[in-house]
Amino acid sequence: MSAVIIDGFQIAADVRHQVAEKTAELVKTGVHPCLAVILVGENPASVSYVTGKEKALAEVGMKDRSIRLPESTSEEELLKIIDELNADESVHGILVQLPLPKHINEDKVIMAIKPEKDVDGFHPVNVGNLVIGRKAFLPCTPHGIIVLLETMGIKTDGAHAVVVGRSNIVGKPVSLLLTRRETNATVTICHTGTKDLASITRQADILVAAVGRPKTITADMIKPGAAVIDVGVNRIPDATKKSGFRLVGDVDFENAKEVASYITPVPKGVGPMTIAMLMQNVLEAAQIAAEAK
Ligand code: GUN
């Protein structure tokens with residue numbers, strides 16, 4: 001039997017709808033949630049992500065303080081802009097789209113964002129709070145994955161989750177979220193140093209692929225009945241498309257869906273959830289700022 005295709009597009013729309021309602025309530029109290037999105041350069045994937053974020057802000061009724069900077073922007077200039085946004089009370093969240101041009105130190109930039117406005121959840125203060133179970137802004141893609149699992153009623157308690165990939169944006173934080181007491185999965189993290197990857201992925205009740213390489217996970221690497229979450233967003237050439245490319249994940253979707261019980265498609269799986277959870281974080285940042293007034 002073919003797997004249930006998880007409709008991340010619809011689930012994300014439902015989350016945005018709830019965020020829009022709460023945003024409207026907050027606006028009535030005189031606080032209008034506002035996100036500053038900073039894009040340096042014109043990396044096509046980043047331009048597309050940032051455009052998606054701007055569209056979502058408009059849809060949920062939030063203010064959008066978009067800042068597009070040329071590739072030649074210096075680290076100093078970028079840090080100065082972040083300082084100004086940190087001090088601006090009308091801005092509740094600051095997001096610097098990654099990756100940054102090579103001449104800018106990404107760590108320094110992430111560290112410059114005030115943790116209270118770090119709606120990406122990338123600042124070491126938020127990462128540390130997540131590790132020790134204190135309140136923190138949760139990173140958007142990992143949080144979106146947890147919401148997909150919850151919404152679909154996929155049992156995580158006692159499940160063996162295998163995460164392939166150890167990035168700071170997805171692999172590491174999703175592993176932490178999966179092991180939290182309320183999720184209660186047992187997690188194995190695999191990476192480029194893992195020997196016999198297939199023997200480990202085949203043990204997964206929940207398999208999260210966050211590698212950034214097409215067809216890394218093939219059908220024979222999946223345990224029958226597993227839930228497969230594909231975080232990959234890879235552009236591959238496709239002459240039949242106007243853009244000249246199409247998006248594929250890290251999983252060989254067509255064959256994998258015949259083995260798995262649940263699977264996320266690419267696009268319209270995890271991707272829309274990232275933006276929906278970002279909107280939720282901006283709302284939360286604005287609510288906290290409103291309470292502190
Ligand atoms: N680049 C890829 N994913 C993300 C993300 O979630 N946030 C930011 N800021 N940059 C990214």
Side-chain angles (χ1 to χ4, degrees), residues 8 12 15-16 35-57 64-69 71 73 75 78-79 81-82 85-86 91-102 104-115 117-127 130 136-148 163 165-177 208-213 229-235 247 249-250 264 266-267 269-282 284-285:
V15 172
R16 289 198 308 274
L35 174 66
V37 180
I38 306 175
L39 173 63
V40 185
E42 283 164 15
N43 173 322
S46 292
V47 171
S48 154
Y49 289 143
V50 166
T51 307
K53 288 165 188 174
E54 289 164 353
K55 224 175 99 192
L57 285 169
D64 169 9
R65 184 86 70 82
S66 278
I67 302 175
R68 302 215 178 191
L69 301 167
E71 180 87 16
T73 305
E75 186 179 286
L78 179 57
L79 292 173
I81 291 169
I82 292 173
L85 293 168
N86 278 337
V91 173
H92 304 101
I94 303 170
L95 180 146
V96 180
Q97 187 63 33
L98 304 178
L100 286 165
K102 291 211 168 18
I104 300 178
N105 181 333
E106 239 165 55
D107 262 1
K108 235 181 179 173
V109 170
I110 290 170
M111 302 266 270
I113 299 169
K114 222 173 154 176
K117 298 193 181 190
D118 167 40
V119 286
D120 257 331
F122 291 169
H123 190 286
V125 165
N126 281 313
V127 177
L130 168 62
F137 283 118
L138 301 183
C140 305
T141 304
H143 192 193
I145 291 169
I146 300 295
V147 172
L148 284 181
V163 175
R166 59 178 151 190
S167 69
N168 289 342
I169 296 186
V170 183
K172 277 184 215 160
V174 80
S175 302
L176 281 166
L177 290 180
V208 180
V211 183
R213 204 187 58 185
I229 307 294
D230 190 351
V231 190
V233 187
N234 307 297
R235 291 182 169 203
L247 293 180
D250 293 343
T264 59
V266 177
V270 174
M273 293 303 291
T274 299
I275 297 186
M277 301 328 291
L278 172 68
M279 298 301 115
Q280 202 173 83
N281 278 352
V282 178
E284 202 178 310

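As the structure lists them, so they are numbered: ligands from 1, and atoms in each ligand from 1.
- Considering backbone and side-chain atoms alike, V96 places an N or O below 3.5 Å from some N or O of ligand 1.
- Taking distance alone, with nitrogen or oxygen atoms compared against 3.5 Å, Q97 approaches ligand 1 more closely than that limit.
- Looking only at protein heavy atoms, the nearest one to atom 10 (N) of ligand 1 is L98 N, 3.0 Å.
- The shortest N or O to N or O distance between F122 and ligand 1 is not under 3.5 Å.
- At under 3.5 Å, a nitrogen or oxygen of D120, whether backbone or side chain, sits near a nitrogen or oxygen of ligand 1.
- Not a single donor-acceptor pair under 3.5 Å links the side chain of K53 to the backbone N or O of I275.
- Each of the atoms 9 (N) of ligand 1 lies under 4.0 Å from some heavy atom of L95.
- With V270 as the fixed residue, the side chain to side chain contact (heavy atoms under 4.5 Å, CB included) test singles out one of V233, D230, T141: T141.
- More than 12 heavy-atom neighbours from other residues, nucleotides or ligands sit within 6.0 angstrom of CZ on R68.
- Two residues are said to be in side-chain contact when any heavy atoms from C-beta on lie closer than 4.5 Å; L57 and M279 meet this criterion.
- Between L148 and T264 there is a side-chain heavy-atom pair separated by less than 4.5 Å.
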